[in-house]
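Quick notes on the structure that follows.
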Amino acid sequence: MENLIEVLGQECDEYEGLLALSQKKTRVIASANLENLQKITDDEQEVVGRITHLEKRRVEVTADIANVLNKDVETLKLSNLIEMMSVRPREQEKLAEVHGRLQSSVRELQRVNEQNKELLGNALEMVEFEMNLLQATKAAPETANYTRSAYSSGAQMGVTNGNFDAKQ
């Protein structure tokens, strides 16, 4: 049981670290700093790798506990295990506390990730709008200017030489 409490505690710490990174990512997305966004994403990948490793350990420890209790590992839930620990109130309290921390961290992480998803979607829409606007200026209608030989000059309205005006 101590192993399970220890692994869950470590998972909580990692999820809380991931939550802090996600909150930092929100500010970076809002400021459109791609370099910092890449750094945060790399850091998140490291944390997710550690969480995956801890999750494997948790599954192993839970399987061992299920064998000792002669329960099916697939149906053994942490909340059920907390109820079964009523004869050992100190361990029950620790397990309940770490379970609550983990649930709270995961819920908040989901909320922040949803917020980041919306921010990224908005940023993508803005980029698409700007790209469409640039393409529309290049596809401006031709003028009715003719050369001396009565051929259309092919000049377009509002387009000079195809260069971007950095002064705008």
Side-chain angles (χ1 to χ4, degrees), residues 3-63 65-66 72-82 93-143 154-168:
N3 288 341
L4 180 62
I5 293 170
E6 178 185 334
V7 169
L8 288 174
Q10 290 172 351
E11 272 191 278
C12 281
D13 294 341
E14 293 296 338
Y15 273 109
E16 288 166 356
L18 190 60
L19 176 60
L21 284 172
S22 291
Q23 290 168 336
K24 187 176 177 182
K25 184 192 277 187
T26 302
R27 292 187 298 276
V28 169
I29 291 169
S31 69
N33 187 332
L34 294 179
E35 187 176 314
N36 284 347
L37 184 61
Q38 181 62 46
K39 288 177 187 174
I40 291 173
T41 302
D42 292 342
D43 292 344
E44 283 178 328
Q45 289 301 316
E46 288 179 28
V47 173
V48 168
R50 291 193 300 263
I51 289 172
T52 302
H53 174 73
L54 287 169
E55 186 65 19
K56 287 178 185 175
R57 278 188 45 206
R58 186 198 57 79
V59 168
E60 291 170 3
V61 170
T62 304
I65 291 172
D72 181 26
V73 72
E74 298 298 321
T75 60
L76 185 62
K77 303 282 184 223
L78 201 51
S79 54
N80 297 345
L81 198 54
I82 291 169
E93 183 181 331
K94 284 182 182 178
L95 195 57
E97 184 225 329
V98 77
H99 179 251
R101 255 182 71 205
L102 188 59
Q103 280 184 323
S104 175
S105 295
V106 169
R107 259 188 257 114
E108 183 65 12
L109 184 62
Q110 286 174 332
R111 186 194 67 76
V112 171
N113 282 342
E114 188 62 36
Q115 180 181 9
N116 287 346
K117 179 182 171 184
E118 288 181 32
L119 285 172
L120 287 171
N122 291 342
L124 185 59
E125 285 179 18
M126 189 60 152
V127 167
E128 287 175 356
F129 173 77
E130 289 173 1
M131 291 297 293
N132 288 337
L133 189 63
L134 285 173
Q135 288 173 349
T137 59
K138 286 194 174 207
E142 289 186 4
T143 62
Q156 293 180 331
M157 292 174 39
V159 177
T160 54
N161 58 3
N163 293 335
F164 180 73
D165 185 4
K167 292 181 183 178
Q168 288 182 356

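Index from 1, following the sequence. The figures that follow rest on heavy atoms only: side chains count, while hydrogens, waters and symmetry mates do not.
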Fill in the blank from the handout: The reported gap from CD in Glu46 to CG in Leu21 (rounded to nearest 0.5 angstrom) is 9.5 Å

Handout entry: Beyond-backbone contact of Asp13 with Arg50, side-chain heavy atoms, under 4.5 angstrom
Key = no

Handout entry: Heavy-atom side-chain proximity of Leu81 to Leu4 below 4.5 angstrom
Key = yes

Problem - Exercise: identify the closest heavy-atom pair between Cys12 and Arg101 - result: CB-NH2, 3.2 Å

Problem - Backbone N/O of Val28 and side chain of Ser31: donor-acceptor pair under 3.5 Å - result: yes

Practice task
Using a strict cut-off of less than 4.0 Å between a Lys/Arg side-chain nitrogen and an Asp/Glu carboxylate oxygen, indicate whether Arg111 and Glu114 qualify as a salt bridge.
Solution key: no

Problem - Check against side chain to side chain contact (heavy atoms under 4.5 Å, CB included), Asn132 and Gln135 - result: CA-CA 5 Å; Asn132 288 337; Gln135 288 173 349; 3.9 Å; yes

Handout entry: Spatial distance of atom CD (Gln10) from atom CD1 (Ile51) [nearest 0.5 Å]
Key = 12.0 Å

Practice task
Could you tell me whether the side chain of Arg107 reaches within less than 4.5 Å of the side chain of Gln103, counting heavy atoms only?
Solution key: yes

Practice task
Step by step, work out the side chain to side chain contact (heavy atoms under 4.5 Å, CB included) result for Val106 and Gln110.
Solution key: CA-CA 6 Å; Val106 169; Gln110 286 174 332; 4.3 Å; yes

Exercise for the section: Count the heavy atoms belonging to other residues, nucleotides or ligands that lie under 6.0 Å from CD of Glu93, then report whether that count exceeds 12. Expected result: no

Handout entry: Minimum side-chain heavy-atom gap Leu95-Leu8 below 4.5 Å
Key = yes

Exercise for the section: Could you tell me the separation between the CD atom of Glu128 and the CD atom of Glu130, rounded to the nearest 0.5 Å? Expected result: 11.0 Å

Practice task
Would you please say whether a donor-acceptor pair under 3.5 Å links the side chains of Asp42 and Gln38?
Solution key: yes

Fill in the blank from the handout: Rounding to 0.5 Å, atoms NZ (Lys56) and OG1 (Thr52) come to a distance of 7.0 Å

Exercise for the section: Kindly indicate whether the side chain of Leu19, heavy atoms from C-beta on, has any atom under 4.5 Å from the side chain of Gln23. Expected result: yes

Exercise for the section: Check Lys24, Lys39, Lys25 against Glu44 for a side chain to side chain donor-acceptor pair (under 3.5 Å) and give me the one that passes. Expected result: Lys25

Handout entry: pair Met131-Val127: side-chain heavy atoms closer than 4.5 Å
Key = yes

Practice task
Let me see the working for Thr62 and Arg58 under side chain to side chain contact (heavy atoms under 4.5 Å, CB included), right down to the final yes or no.
Solution key: CA-CA 6 Å; Thr62 304; Arg58 186 198 57 79; 3.6 Å; yes

Practice task
Please answer whether the main-chain N or O of Ser22 pairs with a side-chain N or O of Asn116 as donor and acceptor at a distance below 3.5 Å.
Solution key: yes

Practice task
Output yes when a side-chain donor or acceptor of Ser105 lies under 3.5 Å from a complementary backbone atom of Leu102, and no otherwise.
Solution key: no

Handout entry: Lys/Arg N to Asp/Glu carboxylate O, Arg57 vs Glu11, below 4.0 Å
Key = no

Practice task
Measure the OG1-CD1 distance between Thr26 and Ile40 for me, rounded to the nearest 0.5 Å.
Solution key: 9.0 Å

Handout entry: Pairwise distance CZ(Phe129) to CG(Leu124) - rounded to 0.5 angstrom
Key = 14.0 Å

